[in-house]
Amino acid sequence: MIKSIQHITILLIFCLYGCREHVPESISVQIDAEIKLFAPEGFVVGEKIIASITTLGSVPQEATLLIDNGLTIMTLGVSTNKQQTLKALWLQQAGRYTLTVIQQNKILGTKSFSLEASTLIEPLEIYTGPTTILVNGQEESMLTYIPADKYDNGITEARPINYNTTVGFLTSPTDSVRNMISYKKLSADVKAEKIILGVSTDALSSTEQVVEKISDWPDKIEIEAIRHYPYADNRQYTRLKTKPLSDKYGNQVADGTLITVTQNLDTKLTATYKCIVIDGVANAYLRNPNRAGTYTYQATVGRVQSNKLPLTYKQLVDSIPHQYTAATNELMVGPLISTQGQLVPDGTAVVLTTSKQIITGETVDGKVILDLQSLSETRDAATLSIGGLQTSIEL
Amino acid sequence: MNKARQYYLLALFLALLIHGTLLSFTLGNTYDAYVHMFMGSHYADNWFETWNYKWYTGFTMTSYPPLVHQIIALLSKIVSHKLAFLFWALVAAGLFIRGIYHFSRIWVTDLVAGYACLIATFSSSYIEALHIFGQLPSITGVALLLNACPELYKWIRYGRGSYFITGVLLLSCMTVAHHVTTIFGMVFFIAPVLGVALIDIAADKVGMEKLKISHFLIEVKNHLAQAILFAITGLCVIIIPIFPYWYWSKTDPITQVSIPHGSRASFILETDLGLVFFLIPWGIFLFFLPGIFYKLFHKRNLLLGLSFALLFLLGTGGTTPLPKMLLGETAFNILTLDRFTFWASIIAIPFMAQLIHSLIEKDLGSAIKNNLGDIAHKFIIFLYIISTLFVSGLIINFSNYKSLQPDPIEMQPIVDFLERDGHDRWRYMTLGFGDQMAWLSANSSALSVDGNYHSARRLPEMTTRAVERIENSKYLGEEGLGALRDFLATPEKYHLKYLFSNDKFYEPLLYFYGWEKLKPLENNIDLWERKDVPPLPTILPKKSIPIYQRLMWGLLPLTCVITTALIHLLIWFVRKEDRIEMLRTTTTYSSNRKWYFFYGVWAALLLLCLLWTGKKWLEHQNTQTTPEETLLNYYHDLDFKRFNKAYAYLDKEDDFSLEQYLLELSLEDGILASYAKLDTITIDSIESLSEEKKKYHLSVEWFTATHKYTTAEQHVLHKRDEKWYIEKKSMQRATPPDQLINVPSINFHKQGRRKAEIQNTDRLDVLDRPSIAIPQSHLVKKNGHYYLVGEILNTDNVPAFVTIEGVLYNNEGIEIYRTNADEHLIHNLFPKESSPFRINFDNWEGISEHQKREVSNFVIFARSMVTDEECYKFTGVRSIELDTHQLQLTMDNYGNQEVSIPQIIISYQEDQTMLWVDRFYMDTGIRPQRQKQVTLTLTNTERILLKKRGTAENILLNGSQASTRETNKFSNGHRKGQIIYNNNLRIEIFSNGLVGQ
């Protein structure tokens with residue numbers, strides 16, 4: 001038994017050594033150059049670094065130095081066994097750098113190092129947007145701070161940030177920098193006003209940031225007549241004015257808000273005018289109609305409509321004096337006297353209508369002469385009208 | 001020194017003196033001088049760069065032979081571009097006179113060649129080419145051609161290789177100066193010259209009198225080897241020096257619509273073009289044409305005579321159908337035919353000189369002296385000299401009588417503007433600058449979207465229309481304005497942001513297309529800006545050519561010139577000049593009675609033409625003999641703002657003064673009064689009210705930048721003292737109610753960069769884009785064309801400038817076409833203001849019918865930006881009457897400024913779905929507290945098909961997808977006054993207007 005075991009053991013040991021694969025030995029390679037770095041001001045962006053590349057032989061030789069910052073690779077011709085200065089201009093990006101020395105397509109040596117960001121600069125870089133938000137929380141704005149040095153490298157160290165504003169924050173997700181960023185959201189309360197914001201940390205501050213809380217659409221509109229000359233003279237202007245316009249939170253609506261004022265006679269639209277809001281109030285000037293009647297005025301902006309304001313316009317004239325002269329074939333209309341006893345304004349339209357033709361004239365000093373030469377020989381019934389007042393005439 | 005030499009040197013001296021002096025005054029008024037200086041400025045900046053970014057979106061400089069431009073570039077290193085141009089023009093003038101002398105010696109005696117030089121100095125075609133057209137490369141080419149001809153003649157005639165070398169070298173210079181001269185010069189000049197050399201060789205053997213065609217053909221056969229050598233060499237000379245040009249022509253051929261040119265017109269129907277392209281270049285030669293033809297069709301000169309006849313015919317343009325038949329439709333529509341007249345007139349010079357020589361010293365002069373006396377003879381010579389000088393003077397001063405260019409513009413303020421504040425990060429355009437636009441381009445590094453070299457452009461907006469340049473688009477009718485509108489509607493396509501306008505005509509178009517007029521520059525040029533246009537990308541596309549071509553282009557032209565000059569210098573010292581042996585003819589003018597007969601007929605014809613012209617002129621002076629004449633002349637005077645003359649046509653019975661008339665005219669503003677050009681007047685009907693009183697009903701068509709207007713006018717005319725007068729129409733009587741108007745208004749002001757720094761705008765100075773909403777947008781189809789209609793609303797609290805871009809897609813989501821809303825939109829919206837819009841897809845170039853049928857979807861990109869542009873909203877619409885399709889309304893201006901061009905925009909809605917948008921312009925302006933009535937014809941919406949109803953998914957607002965909630969929030973709101981059109985169709989009326997600029 002013991003002999004069997006001995007035999008098996010010898011066999012096993014033999015197999016072990018006999019079947020073993022040849023494992024190649026690792027070969028240690030001699031690095032030909034050693035790169036040493038000396039940073040007089042520290043390994044910080046924007047500061048020069050002195051590199052010395054030392055080879056086994058002490059004779060200076062030409063080589064190529066690659067400076068790789070992960071984004072770009074700069075190539076520099078260098079001499080070995082001599083000090084080289086890596087300019088600050090090349091070292092503005094924070095992060096990991098790798099230096100590689102190459103000579104005749106052979107890598108002589110490599111060296112890695114890290115550069116830290118520089119110090120925070122003033123003013124602090126703040127991003128604010130949107131700069132206008134509607135009142136009552138309908139929109140949000142955000143203030144974002146990304147601490148950076150003068151080369152735009154993010155500064156990673158956490159530090160306390162002070163957000164200063166004239167109103168409180170509704171949300172406060174962070175008061176310090178995390179992952180190189182810090183932000184605050186803000187939304188508006190019901191009051192339309194200007195919010196001035198600022199950010200500061202340590203002894204450094206940002207420039208003033210502004211977010212404007214703006215008023216919403218007007219809530220209701222009420223119009224009233226300020227000046228009303230109640231005659232359908234097609235000349236004077238009726239002035240309508242709105243009461244101060246505000247949104248539902250009581251904020252005055254923005255200057256320049258466009259209001260449309262319509263004029264209707266019964267259900268028929270007879271005029272539509274535009275006007276703008278200034279200091280919360282809109283003034284509309286609508287020309288008097290040329291026909292008597294009761295007109296309804298209404299102002300609109302968006303879905304909001306005002307009260308309906310009825311205004312009555314009376315007939316400008318009571319009668320239309322006229323005289324036809326057969327010799328010259330002319331019809332003299334006038335003098336047209338208005339109900340207050342003055343001549344109708346120059347330019348008042350006088351219309352002669354027959355079944356086939358319409359002749360129009362404008363008054364001057366209350367009169368107009370219509371030339372009827374273009375009328376046909378056989379003249380049927382004709383009508384004279386001024387401002388809605390009509391009268392039949394014979395020619 | 002013999003007389004011939006004396007005359008030659010005198011001509012050289014006079015040419016340099018007169019043309020050199022005059023060119024400094026006429027240069028700025030020529031058509032092409034500035035273009036050539038601009039090309040020269042490119043080479044001065046970068047000699048080997050063949051891509052020029054400054055015009056269109058870039059074009060290749062290999063599209064034009066570079067010699068003259070490179071010489072200007074070289075000289076401009078020492079002197080200014082203008083002086084460089086002038087200097088080379090003098091060199092070309094010298095070469096031209098030399099060329100005339102030596103070319104003439106092939107056909108006439110030395111003395112007559114001397115006469116030819118003097119005649120050439122005052123040749124009207126040369127004067128026109130230099131002082132009106134500014135065609136320096138063409139003149140250089142012709143000058144070199146004329147110098148090459150005698151060299152090639154001598155090569156064939158005397159068999160000396162040195163002449164071949166000098167001749168070919170001159171041809172190579174000619175190619176690099178003006179390749180068209182080389183190509184046609186070979187046919188019309190070189191071939192007859194080689195032919196006459198062979199004729200002379202044959203005549204040396206048998207004598208000119210016995211010479212027949214068979215003798216000529218024998219010599220052709222004997223010199224076949226030389227001919228082949230010349231053909232091969234000629235081909236090499238045409239191709240190699242400007243190989244990049246041929247390479248470009250082959251790989252990027254011209255595929256644009258033919259551009260109209262006056263030289264192709266019928267000179268009988270369009271007499272003003274006949275003046276420029278026929279009468280002026282021929283000038284005094286016309287009177288001597290029979291004599292010229294007589295000599296040209298002599299046996300020896302026959303080949304040249306055929307050339308001359310063909311050139312003469314081709315130069316007549318569209319007067320007869322023959323030139324088109326001979327050249328073929330394509331060549332006829334590409335070439336400008338004035339060059340043929342120019343070349344014909346050059347050929348005529350030696351024979352004109354022969355005639356004048358005969359008149360002064362030889363048989364013709366003797367015949368006149370014998371028959372009419374010595375005094376008559378001297379008088380005729382005097383008359384000829386005076387006529388020549390008079391015609392030359394007239395042509396040089398032509399631009400003083402007929403304006404060819406706008407007044408000179410001081411460019412420095414424009415250059416300064418473009419170079420500061422980064423304005424050159426966008427492209428610009430000019431309007432109304434004429435050819436001075438090239439001078440601006442030469443002096444500025446900014447890029448223009450327009451250009452002045454039509455063969456090289458590839459922008460579809462220009463190549464698909466028969467337009468020369470955008471900057472003079474008003475002279476090109478609808479084609480021109482159509483191209484301009486494309487650029488103005490979608491300026492962001494080419495990063496076009498600034499526009500310099502020297503012509504008020506375009507103002508309405510610019511304003512209603514959303515352009516803002518800024519403060520005018522110091523040179524009174526209006527500056528317009530379009531908001532919200534992205535700047536040019538840092539890297540612009542360019543077409544590169546292989547490096548060897550760039551080297552060829554940069555080196556070969558001057559190498560040819562230097563080599564030619566050196567060889568000529570060398571040969572001048574070494575070679576004994578062979579004197580051309582003239583084979584004198586015995587034929588004279590006076591011995592041939594047939595000649596007198598034909599000349600008499602010709603003189604009679606010319607006299608008749610002169611009398612007819614005089615009669616027409618007299619008739620034209622008497623402008624009131626008929627009512628039609630009176631009306632036509634009245635409107636023409638109004639059109640050209642000759643108000644004093646227009647006043648003369650009015651009936652003074654009503655006793656109103658010129659002052660009153662001018663006052664009333666000045667008060668009448670509007671698109672017709674201030675921005676329109678008269679197009680046509682048609683008499684619709686005439687009512688004869690009495691023997692001496694008539695009423696005319698006219699349709700007057702006016703051409704404006706926005707569209708064509710037709711107005712119906714009625715005029716009553718009275719006959720007094722055999723003249724007809726127009727009864728004056730009374731002005732609107734209505735007067736405003738208030739003497740002093742007080743209307744509260746608001747002004748906005750954008751600070752721009754608040755810090756006085758040259759860096760880019762600070763982030764803090766950039767305003768947010770105003771919030772906007774598009775409550776509805778739909779794709780409709782009308783008459784086979786697609787349109788996007790909808791409504792945009794400014795929901796923000798600040799005034800907004802809006803741009804709406806529509807894109808059409810097919811089923812697979814592939815874009816078919818995109819364009820912007822143009823004048824069918826109120827671009828500047830106050831807070832809470834809305835406007836309908838319409839985007840037209842009825843003018844899309846490069847889109848096949850198949851693609852058009854595939855349209856199935858759309859997207860609208862709307863963007864806004866804060867504007868502080870002054871907007872006038874104090875208008876209203878009243879007295880609205882609707883009768884079937886006619887809408888009568890009155891627009892009222894209750895504010896304190898005049899609305900120069902009132903605009904009405906009407907939207908049509910069916911069941912609250914917008915179907916269509918129309919826009920109208922009123923033809924007269926509206927002063928404060930006044931109103932104007934207008935009748936509009938509404939669109940029949942029955943033929944409008946709603947193809948796709950838009951949702952929020954079809955809309956992007958300021959780069960973000962619109963939300964359904966927001967869209968719905970505004971879609972049923974803001975109902976203003978609506979008018980029931982018919983049944984379910986309602987119309988809404990929006991007023992807008994251009995306030996007095």
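Sequence lines set the chain letters: A, B, ... in the order given, protein chains first and strands last, and positions in each chain run from 1.
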Margin query: Under 4.5 Å from any heavy atom of chain B, what part of A/Q263 do you find: side chain, backbone, both or neither?
Written below: neither
Check: Side chain, backbone, both or neither: which part of A/P345 has a heavy atom under 4.5 Å from chain B?
Finding: neither
Checklist line | Heavy-atom neighbours of A/K367 NZ exceed 12 at 6.0 Å | finding: no
Margin query: Please classify the contact of A/T131 with chain B as side chain, backbone, both or neither, using a heavy-atom distance under 4.5 Å.
Written below: both
Next item on the list: Would you mind checking which part of B/T890 comes under 4.5 Å of any heavy atom in chain A, side chain (CB onward), backbone (N, CA, C, O), both or neither?
Entry: neither
Note to self: Does any backbone or side-chain atom of B/P736 lie under 4.5 Å from a heavy atom of chain A? Answer side chain, backbone, both or neither.
What the structure shows: backbone
Check: What part of B/P744 lies closer than 4.5 angstrom to a heavy atom of chain A: side chain, backbone, both or neither?
Finding: both
Next item on the list: State whether the side chain of A/R287 and the backbone N or O of B/Q929 hold a donor-acceptor pair below 3.5 Å, judged by distance alone.
Entry: yes
Check: Considering only heavy atoms, which portion of A/L265 lies under 4.5 Å from any heavy atom of chain B: side chain, backbone, both, or neither?
Finding: neither
Next item on the list: Heavy-atom distances under 4.5 Å only: say whether A/N290 touches chain B with side chain, backbone, both or neither.
Entry: both
Next item on the list: Kindly determine whether B/R878 and A/N234 satisfy side-chain hydrogen bond (donor to acceptor under 3.5 Å, both in side chains), including the steps that lead there.
Entry: CA-CA 10 Å; B/R878 55 187 296 274; A/N234 191 29; 2.8 Å; yes
Notebook entry, point to check: Side chain, backbone, both or neither: which part of B/N747 has an atom under 4.5 Å from a heavy atom of chain A?
Noted result: neither
Check: Within residues 252-259 of chain A, which positions have a heavy-atom distance to chain B below 4.5 Å?
Finding: A/A254, A/D255, A/G256, A/T257, A/L258
